[in-house]
There are 2 protein chains.
Amino acid sequence: MSWKDRERGYHHGNLRQALIEAARALIGEKGPAGFTFAEAARAAGVSAAAPYRHFRDRDALMADVAAQGFERFEAALAKAWNEGKPEPMIAFHHLGRAYLHFARTEHAYYSAMFESGLSPDATPELRAASDRAFGVLRGAAETLCAQLPAGKRPPVLMVSLHIWAISHGVASLFGRGDSGRRKLPMDADELLESAVLVYLNGLGLGRA
Amino acid sequence: MSWKDRERGYHHGNLRQALIEAARALIGEKGPAGFTFAEAARAAGVSAAAPYRHFRDRDALMADVAAQGFERFEAALAKAWNEGKPEPMIAFHHLGRAYLHFARTEHAYYSAMFESGLSPDATPELRAASDRAFGVLRGAAETLCAQLPAGKRPPVLMVSLHIWAISHGVASLFGRGDSGRRKLPMDADELLESAVLVYLNGLGLGRA
DNA sequence: CGCTGATGTAAGAGTTGTTAACATGAGCTG
DNA sequence: CAGCTCATGTTAACAACTCTTACATCAGCG
């Protein structure tokens, strides 16, 4: 909320960003399908015709929400990974927690990114942001794989895709706290951590 | 299309089922949010008011679609698993392929089941059908775990949730053939198979 | 033959998407 | 500072839809 300190007046000042945030809020309340062009305008305190100055249609707005989501996602993951410090396995552990934490606390963004039915190629920026976020996972996988003897070193891309799939699966099936899918004796964090531990063990990376 | 051989006439004869199938078709075309009560009625060749006799609202219809999806899902998984025959690891392999195959070919059902934003408790039948489907995974995990020495045997529930998360993650990120999320050097089947192999290896279940 | 339940028809109220025409104000130019 | 210009918003209006209720109508059963 650092933008616009003088929003009043005929001109909104930063309607584009305001619409993106309104859309995000609506997605958070009513799911990825639960917002409408007109509704976003209303939530931003603006007439129904105004959004057409900034977005061609609903999908264009959604794509921008998702792109911003991927940017924040990348930042959160990169911060948690912290270039593998202090120790790759520990940093990797942080990375997993950050993935789940983002999926939960920024659930609206996560919805727009993965559950909106949006093609990842809807926009060049979206594609780029998505690739950058995945790059963090890939980098982490690279560091981990490097710890293995060259002989039994699996393809880095494959490992990063596996990790992504496990994380996404856990987040999407068990991630949402109280509105969760079913009641279980363990929560998402434990599930992800244990799954990743078993997986890494299977790669030959014993526990630290 | 085995129902209704005499659809003509004032009475539809099996409108409830016809609406469910119409909804499923629409979901397949335009995503889990892409169908409307009125639209489903139109697709079933019926007036917009007719559905109200069978479903309270859109969500009730969606819940029935999802419930039927889970039933078919359970059948497909159970058939692939085939009680662990001829050999648990092979049957498990079949199970994974069946999971992905269902997610792809019955993508409309899969959407209704997992991407519709529907609560799994929306309906008792939905909950029950969902539990039965998961039961197949759980049974398979049980058989596999039994192969491990009692000392290092992990909790069955945990293992089945892991497997579910991996399968769902792969299906949902890389599952849709051509409209897939990104172009990759390996397809979803290979990804799931390799991920599960590494995971099982991590549990101590060496390859067959 | 009349009852009951399943559908159809009609009709209202409310939204949405979208365009066209007009208003406002911020900044540049002189 | 005056005035032009353009991006940004507003109002107005319309067609298309959806949702939902009220009432009419048909089919089969006793």
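Every chain is numbered from 1 and lettered A, B, ... according to where its sequence line falls, protein lines coming before strand lines.
Counting to the nearest Å, the P atom of C:dG14 and the CZ atom of B:Phe37 are 21 Å from each other. The CG atom of B:Asp59 sits 11 Å away from the P atom of D:dC19 (whole-angstrom rounding). The interatomic distance linking B:Arg58 (CZ) with D:dT20 (P) rounds to 12 Å, in whole Å. Rounded to whole Å, atom P of C:dT4 lies 15 Å from atom CZ of B:Arg53. Spacing between atom NZ of B:Lys30 and atom P of D:dC17 amounts to 11 Å, rounded to whole angstrom units. Atom CG of A:Leu15 and atom P of C:dG25 are 16 Å apart (whole Å). Atom-to-atom, CZ of A:Phe55 to C1' of D:dG9 comes out at 15 Å; the value is rounded to the nearest Å. Between the CG atom of A:Asp57 and the P atom of C:dT16 there is a distance of 16 Å, rounded to whole Å.
Every residue two or more places apart in sequence or in another chain that forms a side-chain hydrogen bond (donor to acceptor under 3.5 Å, both in side chains) with A:Tyr110 is listed here: A:Tyr99, A:His168.
Taking CG of A:Leu197 as the reference point, atom NE2 of A:His93 lies at 7.5 Å (rounded to 0.5 Å).
Look at B:Thr36 and you won't find any side-chain N or O under 4.0 angstrom from OP1 or OP2 of D:dC17. In terms of phosphate contacts, A:His54 brings no side-chain nitrogen or oxygen within less than 4.0 Å of OP1 or OP2 of D:dA7.
Within a heavy-atom distance below 4.0 Å of DNA chain C, the residues of residues 39-51 of chain A found are A:Arg42, A:Ala48, A:Ala49.
Side-chain polar atoms of B:Gln17 and B:Gln68 form a donor-acceptor pair below 3.5 angstrom.
Closest contact between the side chain of B:Ala38 and the listed nucleotides D:dT10, D:dC19, C:dG17 involves D:dC19. The side chain of A:Tyr52 lies closest to C:dG17, out of D:dG9, D:dC19, C:dG17.
Residues B:Phe114 and B:Ser172 form no side-chain contact, since every pair of their non-hydrogen atoms from C-beta on lies 4.5 Å or further apart. When side chains are defined from C-beta on, A:Tyr109 counts as touching A:Phe102, because their heavy atoms get closer than 4.5 Å.
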Carefully, step by step, assess B:Phe37 and B:Phe55 under the rule ring-ring contact (aromatic ring centres under 6.0 Å, His included).
CA-CA 10 Å; B:Phe37 224 40; B:Phe55 304 95; 7.0 Å; no

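For B:Arg153, the CZ atom is densely surrounded, since the number of other residues' heavy atoms within 6.0 Å is greater than 12.
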